[in-house]
Amino acid sequence: MGPKRMMDRRQAIRLTAGLGAGAMALGSLPVLSGCAGSGGRRRPNILFIFSDDHACHAISAYGSRINRTPNIDLAREGAIFRNSFCSNGICAPSRAVILTGKHSHINGKIDNANMFDMSQPTFNKMMREAGYQTAMIGKWHLRADPQGFDYWHVLPGQGSYYNPDFRTPEGTMRHTGYVTDIITDLTLDWLQNGRDEEKPFMMMCQHKAPHRSWMPGPDHLEMFEGETIPEPDNLLDDYTGRAGPASRQEMTLADHAYPAYDLKITPAAADNERDQNMWRNLDARFTDEQRARWHEVYDPRNEEFRQMNLTGDDRVRYYYQRYIKDYLRCIASVDDNIGHLLDWLDESGLADDTIVIYSSDQGFFLGDHGWYDKRWMYEESLRMPFVARWPGVIKEGTTVDHMIQNIDYAPTFLDAAGIDMPADMQGESLLPLMQGHRERNWRESIYYHYYEFPAVHMVARHYGVRTERYKLIYYYYPDDRYLNGWEMFDLERDPREMNSVYDDPGYSDIRDDLKIELRRLRTHYNDTTGDDFQ
Ligand code: CA
């Protein structure tokens with residue numbers, strides 16, 4: 001899709017939302033961006049594109065076997081971080097870590113339910129004070145109104161895929177259309193018409209997609225039709241070889257996916273009132289045209305499913321296909337829309353002065369271990385995509401293998417803006433790594449701590465350490481022996497984490513070393529939360 005389509009969409013948004021009618025012609029923009037920083041260096045713009053639940057193994061630059069993401073692969077023009085990890089693999093806590101540069105136990109946002117203290121220092125507040133224009137558009141998920149932004153336009157909570165409401169300083173408004181397109185259009189509108197062109201910008205463009213319930217946009221409803229997406233080799237995992245929590249979760253495609261809500265098998269197969277209600281809530285948001293189009297595509301699939309009468313493993317395999325195709329269709333919209341943003345940067349002449357980063361709040365299980373969702377310290381949800389482009393500063397084709405975490409984002413943004421990092425931030429700037437410097441004193445392990453239990457999906461509380469080759473996880477929960485215990489994985493021999501070697505005598509020395517390292521990390525990051533271990 002080219003610029004023509006982009007303009008059509010922006011005009012449509014103006015009509016529905018009543019946004020300002022600025023100049024529409026592309027290519028007529030003044031070519032202005034950051035003014036000189038204190039050191040005389042030109043301060044770059046930052047376009048931080050962020051999505052929700054986008055696993056690395058659904059990005060072609062990371063070697064996806066199941067889809068192509070040509071625009072996210074902008075990594076090829078810059079840097080790809082191959083060992084990028086979250087510190088608490090769930091939506092709102094990951095965002096709080098990114099804003100503050102501090103682990104969850106320090107910034108206080110340990111799970112999706114508790115409140116984030118918006119009064120604490122965040123990177124965007126510091127950038128704004130230092131002369132950056134700051135904007136936040138899309139999924140925010142921290143309940144309290146955003147602070148430290150010149151402009152914000154955010155989804156309430158998780159937001160809706162179709163015709164979403166947005167919270168703004170002026171109140172709530174609804175936009176007609178598909179959420180990924182709308183967030184992009186609002187981003188383009190602010191970049192083109194809303195900002196102060198004398199100042200550099202920090203734009204946070206944050207997508208809802210591809211978060212559950214994976215509703216594809218009108219442009220991609222039929223993508224992958226008639227194709228079979230490769231299955232993960234552990235789709236039918238039986239959880240032997242691991243501690244108790246893996247078999248006690250509630251996130252399998254087999255037993256915990258709602259047919260109507262998660263798989264769009266509606267309405268006849270949604271045989272209970274809960275599923276019917278879930279679907280009614282999604283369906284109620286469609287316009288008549290959107291609803292007709294949806295049913296035109298999904299009704300024949302559902303009829304076919306009903307006639308197949310699948311049971312057992314065959315039903316799980318079918319559910320996987322339904323789930324993964326919708327998930328990947330949502331990503332296709334994200335990727336297309338990133339293409340629009342990159343096109344605009346080129347056309348406006350800002351590409352050379354703008355750092356573009358793509359990341360997502362944590363990874364996701366794409367049928368791996370039979371699961372959807374995230375939360376675990378296992379690789380698929382622990383890994384976060386992180387790619388960056390900065391022409392003239394980051395060399396094309398840069399690959400970074402150092403272990404990074406979302407605590408590093410705020411220090412990186414501040415460093416790029418020429419702002420000193422506060423001493424109590426817990427991450428490190430990634431700029432030297434982006435520029436290909438081999439940082440000799442870089443961390444050799446990362447720390448993880450997940451808290452949200454008991455809660456949806458029932459993933460036990462755990463913390464742990466990951467090194468280049470090994471991972472040690474400690475599960476703790478009082479009064480339930482199945483939700484306590486240790487796991488240890490040799491990621492070189494067992495990259496899918498199917499067999500814990502915690503009790504293997506051949507690994508006892510390594511296990512003891514990992515415990516010492518875990519103790520050191522808890523002290524280093526000052527984490528006194530959770531049961532301590534012996
Ligand atoms: Ca998420």
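Remember, it's 1-based here, ligands and their atoms both numbered in the order they're listed. Heavy atoms only: backbone and side chains are in, while hydrogens, waters and symmetry mates are out.
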Notebook entry, point to check: Between the side chain of N281 and the main-chain N/O of M278, is any donor-acceptor distance below 3.5 Å?
Noted result: no
Check: Do the side chain of R322 and the main chain of K264 share a donor and acceptor less than 3.5 angstrom apart?
Finding: yes
Margin query: Looking at E444, I'd like to know if its CD atom is crowded, meaning that more than 12 non-hydrogen atoms belonging to other residues, nucleotides or ligands lie closer than 6.0 Å.
Written below: no
Next item on the list: Scan Y323, Y320, W376 and name whichever one has a ring-ring contact (aromatic ring centres under 6.0 Å, His included) with W371.
Entry: W376
Check: Which atom, counting only N, O or S, brings D361 closest to the Ca ion (ligand 1)?
Finding: OD2
Next item on the list: Taking both backbone and side-chain atoms into account, decide whether Q362 has an N/O/S atom under 3.0 Å from the Ca ion (ligand 1).
Entry: yes
Checklist line | Closest D52 atom to the Ca ion (ligand 1) [N, O or S only] | finding: OD1
Item checked: Apex the Ca ion (ligand 1) - arms OD1 from D53 and SG from C91 - angle rounded to 10° -> 110°
